[in-house]
Amino acid sequence: MTLSDSISLLLLAFLSVATLRQIILAERATRRQALLTDDVAGCCESVGFVGCSIICTGVSEMGQIRDLLSEEYDRYEVVVVLDSTLQSEAFREIVAHFRMIRVNDTQTGELPSASIAALYRSRQRSFRRLILIDRRASTPYDDLDAALSVASYGYLFPIGHNTRLCPRAIESVVIALAEPANSGVEMLHSVASGSYIFQREAIIRRGGFSPRMLRRTTPFRRISTHLPLTFRTDDGEGKNLFRCAILFCVGMTLLITEGILLGWGIAAATAATVGFIVAAARYAARLNVPTNCSVRMRLCHIKRIIGIFRPAKFII
């Protein structure tokens with residue numbers, strides 16, 4: 001066996017061990033979640049007076065908004081940011097469906113980018129947790145700043161287009177943040193889903209949301225969880241089949257090339273490792289995520305399972 005063969009096998013073994021470790025951590029986190037959330041799931045009482053505001057950018061689909069509003073935790077709200085001129089049809093539909101009226105907006109001035117044209121709340125008590133912001137289209141980070149300026153609670157959960165919450169996600173978040181050892185935590189990061197929950201005041205101190213906020217010279221005081229908190233279902237069956245076909249063709253081409261250059265034994269070991277990682281990603285996705293999650297979401301699971309370095313950018 002040559003030196004290159006040995007190095008290749010060691011790298012494949014390292015990937016397999018790293019994958020197995022991530023799966024074990026995710027399964028342990030899921031079991032712990034089931035034990036801790038049984039007492040609070042479906043209960044509207046707050047846990048440790050921790051409140052969470054879902055702040056949305058690029059969210060205009062009624063089904064997604066209804067799903068976000070279905071949470072029963074009492075210290076919880078959903079803030080949606082839209083441009084009524086560019087998304088007029090969706091804006092009118094939301095206002096009509098949730099019986100929203102324009103209310104006074106008191107600008108706090110905490111963030112310069114948090115400009116708001118109009119603020120809407122619902123007449124109906126059943127939709128009191130929904131806040132709608134009308135503002136001119138800008139970057140997603142400016143939208144999040146605007147949502148922050150009207151958010152009522154101390155922790156912010158950014159949500160993007162076609163993103164759903166996993167079952168018991170909010171209960172898991174508030175339980176983690178309510179622990180005495182985590183008092184004053186500025187950021188909760190879900191390693192499994194790549195989602196973040198930020199302390200409101202910590203974002204204000206850093207000048208608002210931006211792609212570079214994770215690389216500030218003053219790092220966030222953070223904790224991590226291996227529970228997935230969000231998932232995406234934006235792929236139709238056609239897109240899923242197309243992506244699977246492309247990935248299969250690319251994968252087979254790479255394996256054949258590797259077999260010719262490095263030997264068929266190394267190619268077989270690579271195929272076995274890739275198969276193990278794909279199976280692990282499917283298993284991780286099904287721990288807390290519905291079975292209809294997209295191929296893109298499963299690819300993200302693969303990336304996070306074998307990931308070594310922390311993400312350098314905050315991408316919504």
So OG1 of Thr257 and CE of Met252: to nearest 0.5 Å the spacing works out to 10.5 Å
Distance col, row Ser122:OG vs Leu132:CG, nearest 0.5 angstrom, shows 10.5 Å
(Q) Aromatic contact between Phe157 and Tyr155, with the criterion being ring centroids under 6.0 Å apart: yes or no? (A) no
Heavy-atom neighbours of Arg99 CZ exceed 12 at 6.0 Å:
no
Can you give me the closest heavy-atom contact between [X] and [Y], atom names plus distance?
X: Gln64; Y: Thr163; answer: NE2-O, 3.0 Å
X: Ser53; Y: Ser152; answer: OG-N, 3.7 Å
X: Ile203; Y: Met213; answer: CD1-CE, 3.1 Å
X: Ala269; Y: Leu9; answer: CB-CD2, 3.9 Å
X: Leu111; Y: Gly207; answer: CD2-C, 3.6 Å
X: Ser84; Y: Asp134; answer: OG-OD2, 2.8 Å

Say whether, by atom type as modelled, one donor and one acceptor occur between the side chain of Asp83 and the main chain of Ala137 under 3.5 angstrom.
yes
Notebook entry, point to check: Can you check whether Asp142's main-chain N or O pairs, donor with acceptor, with Ser113's side chain at less than 3.5 Å?
Noted result: no
Does any non-hydrogen side-chain atom of [Y] lie less than 4.5 Å from one of [X]?
X: Thr225; Y: Val191; result: no
X: Arg135; Y: Val81; result: yes
X: Ile101; Y: Arg121; result: no
X: Ile54; Y: Val79; result: no
X: Leu214; Y: Lys313; result: no
X: Leu165; Y: Leu229; result: no
X: Glu110; Y: Arg200; result: yes
X: Ser149; Y: Ile116; result: yes

| field | Axial cation check for Phe220 ring with Arg206, 6.0 Å and 45° limits | value | yes
Under 4.5 Å between side-chain heavy atoms, counting indirect links through other Ile/Leu/Val/Met/Phe/Trp/Tyr residues: same cluster for [X] and [Y] or not?
X: Tyr153; Y: Ile159; value: no
X: Leu188; Y: Leu25; value: no
X: Leu69; Y: Met62; value: yes

* Can you label the angle between the Phe127 ring and the His97 ring as parallel, tilted or perpendicular, going by 30° and 60°? => tilted
message = Pair Arg129, Glu71 - check salt bridge (charged side-chain N to carboxylate O under 4.0 Å, His left out), show working.
response = CA-CA 10 Å; Arg129 297 189 297 176; Glu71 295 289 334; over 6 Å; no
Joining Ile, Leu, Val, Met, Phe, Trp and Tyr whenever any side-chain heavy atoms lie under 4.5 Å apart, the cluster holding Ile256 also takes in Ile260, Trp264
Intermediate values then yes/no, side-chain contact (heavy atoms from CB on, under 4.5 Å), His189 and Ile223: CA-CA 6 Å; His189 175 217; Ile223 57 174; over 6 Å; no
Practice task
Would you sort out whether Arg164 and Glu61 count as a salt bridge (charged side-chain N to carboxylate O under 4.0 Å, His left out), showing the intermediate values?
Solution key: CA-CA 12 Å; Arg164 302 305 205 265; Glu61 201 265 327; 3.6 Å; yes
### Task
Determine whether the side chains of Thr19 and Ser16 contain a donor N or O and an acceptor N or O closer than 3.5 Å.
no
Exactly one of Asp143, Thr57, Ile55 clears side chain to side chain contact (heavy atoms under 4.5 Å, CB included) with Phe209, and that residue is Ile55
